[in-house]
Protein chains: 2
Amino acid sequence: MTASTIACCAPIAREPLGETEAAELAVLLKAVADPVRLRLLSMIGSHAGGEACVCDLTDAFDLTAPTISHHLKVLRTAGLIDSERRGTWVYYWIVPETVNRLGALFAPLAEPAAI
Amino acid sequence: MTASTIACCAPIAREPLGETEAAELAVLLKAVADPVRLRLLSMIGSHAGGEACVCDLTDAFDLTAPTISHHLKVLRTAGLIDSERRGTWVYYWIVPETVNRLGALFAPLAEPAAI
DNA sequence: GTTGTGATTCGAAGGTTGTCTAAGTAGCAT
DNA sequence: ATGCTACTTAGACAACCTTCGAATCACAAC
């Protein structure tokens, strides 16, 4: 990605997205377009050590364990997080490369007009 | 936004999102989490003059005019685009401030771990 | 006025999603 | 083995979303 180009706006506003590219990105965006999954992603990423146990996450919501498990699966299928079982507990962590794809889409390359 | 802080990851992965903040952002993300709307946003932003007529947009899809109109309304309701009627045609343009909110969420502040 | 074109709104059909309960799997401790 | 705890899978149901055709609105030209 030639970041040296001077442009006013986010990449998404600089050239038209291809049909397949848009479809791919939409899958990724659908995964994060949910309040619970946004918070899960945020909680996992900001947890000490960069990873969080499911037990840490479930208590923060008024939702049942299967529902949390479902949301974690959606995030994992999208490639935004990965997981591993260590003994009794299952730990999740963020996959930065995938998160960065979203950042690259919307991030302004030059000074934003406001905020 | 204190951008001077040295951090490894996107803001979303640095501290837990609040419940209401997550709900707000989810609304915004839902608006862009669709292939058609992603392409619409992209086409509007990259169009000459920074704005596009609905007639320009409709032809690029295998969808009926009401469907395109619906998607434009979703984007407009979310505050991602704005519109104005000038004579016969209706023109749409991007609201950069709103797009930047998404960029600020996922953009890494320092070097990403990879890529 | 009337007619024609661009765009939106309305109402409905079909598919997708979020949530639950119930049941299942994996590991630890007795 | 038995039981207990942590987590996932399966199935069901209500709510929502995308899409369409038909109707409607807005404007320009005649």
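Quick note on labels: first sequence line is chain A, next is B, and so on, each numbered from 1. FYI, side chains are in, hydrogens and waters are out, and symmetry mates aren't considered; it's all heavy atoms of this structure.
Residues satisfying the salt bridge (Lys or Arg N to Asp or Glu O under 4.0 Å) test with Glu24(B), not counting sequence neighbours, are Arg101(B). Residues satisfying the side chain to side chain contact (heavy atoms under 4.5 Å, CB included) criterion with Ala104(A), sequence neighbours excluded, are absent altogether. Among residues two or more places apart in sequence or in another chain, the side-chain hydrogen bond (donor to acceptor under 3.5 Å, both in side chains) test is passed with Ser83(A) by none. Partners of Val95(A) according to the side chain to side chain contact (heavy atoms under 4.5 Å, CB included) rule, which considers only residues two or more places apart in sequence or in another chain, are Asp82(A), Glu97(A), Thr98(A). The side-chain hydrogen bond (donor to acceptor under 3.5 Å, both in side chains) search around Thr88(A) returns none, not counting sequence neighbours. In terms of the side chain to side chain contact (heavy atoms under 4.5 Å, CB included) criterion, residue partners of Val74(A) (sequence neighbours excluded) are, by chain and number, Ala31(A), Arg37(A), His70(A). Under the rule for a side chain to side chain contact (heavy atoms under 4.5 Å, CB included), the partners of Thr77(A) that lie at least two apart in sequence or sit in another chain are Lys73(A).
Within the helix from dG1(C)-dC30(D) to dT30(C)-dA1(D), the inter-axis angle between the opening and closing five-pair segments is 20°, rounded to 10°.
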Protein N or O to nucleotides 18-22 of chain C N or O, pairs below 3.5 Å:
unit_1, atom_1, unit_2, atom_2, d
dG18(C), OP1, Asp34(A), OD2, 3.4
dG18(C), OP1, Arg37(A), NH2, 3.1
dG18(C), OP2, Arg37(A), NH1, 3.3
dT19(C), OP2, His71(A), NE2, 2.4
dC20(C), OP2, Thr64(A), N, 3.1
dC20(C), OP2, Thr64(A), OG1, 3.1
dC20(C), OP2, Thr67(A), OG1, 2.7

Can you check nucleotides 24-30 of chain C for protein contacts, nitrogen or oxygen pairs under 3.5 Å, and list what you find?
none

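Put simply, CG on Leu29(B) and CG on Asp34(A) are 10.0 Å apart, with the number rounded to the nearest 0.5 Å. The line from CG of Leu41(B) to CG of Leu72(B) is 10.0 Å long, rounded to the nearest 0.5 Å.
Using modelled atom types, no side-chain atom of Ser69(A) and backbone atom of Ala65(A) make a donor-acceptor pair closer than 3.5 Å. When atom types are taken as modelled, the side chain of Ser46(B) and the backbone of Ile12(A) share no donor-acceptor pair closer than 3.5 angstrom.
For DNA chain D, the outermost nucleotides in 5' to 3' order that have an atom under 4.0 Å from a heavy atom of chain A are dA6(D) to dT9(D).
In this structure, Phe61(B) reaches neither bases nor backbone, as no heavy-atom distance under 4.0 Å exists between it and the strands shown.
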Would you list the atom pairs, donor with acceptor, under 3.5 Å between side chains in residues 51-62 of chain B and any protein atom, with sequence neighbours excluded?
unit_1, atom_1, unit_2, atom_2, d
Glu51(B), OE1, Arg86(B), NH2, 3.4
Glu51(B), OE2, Arg86(B), NH2, 2.2
Asp56(B), OD2, Cys53(B), N, 3.4
Thr58(B), OG1, Val54(B), O, 3.0

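For Tyr91(B), no side-chain nitrogen or oxygen approaches OP1 or OP2 of dA7(C) to under 4.0 Å. Dashed line: the shortest gap from a side-chain N or O of Lys73(B) to OP1 or OP2 of dT8(C) is not under 4.0 Å.
Ile94(B) and Tyr91(B) are members of different hydrophobic clusters when ILVMFWY side chains are connected at heavy-atom separations under 4.5 Å.
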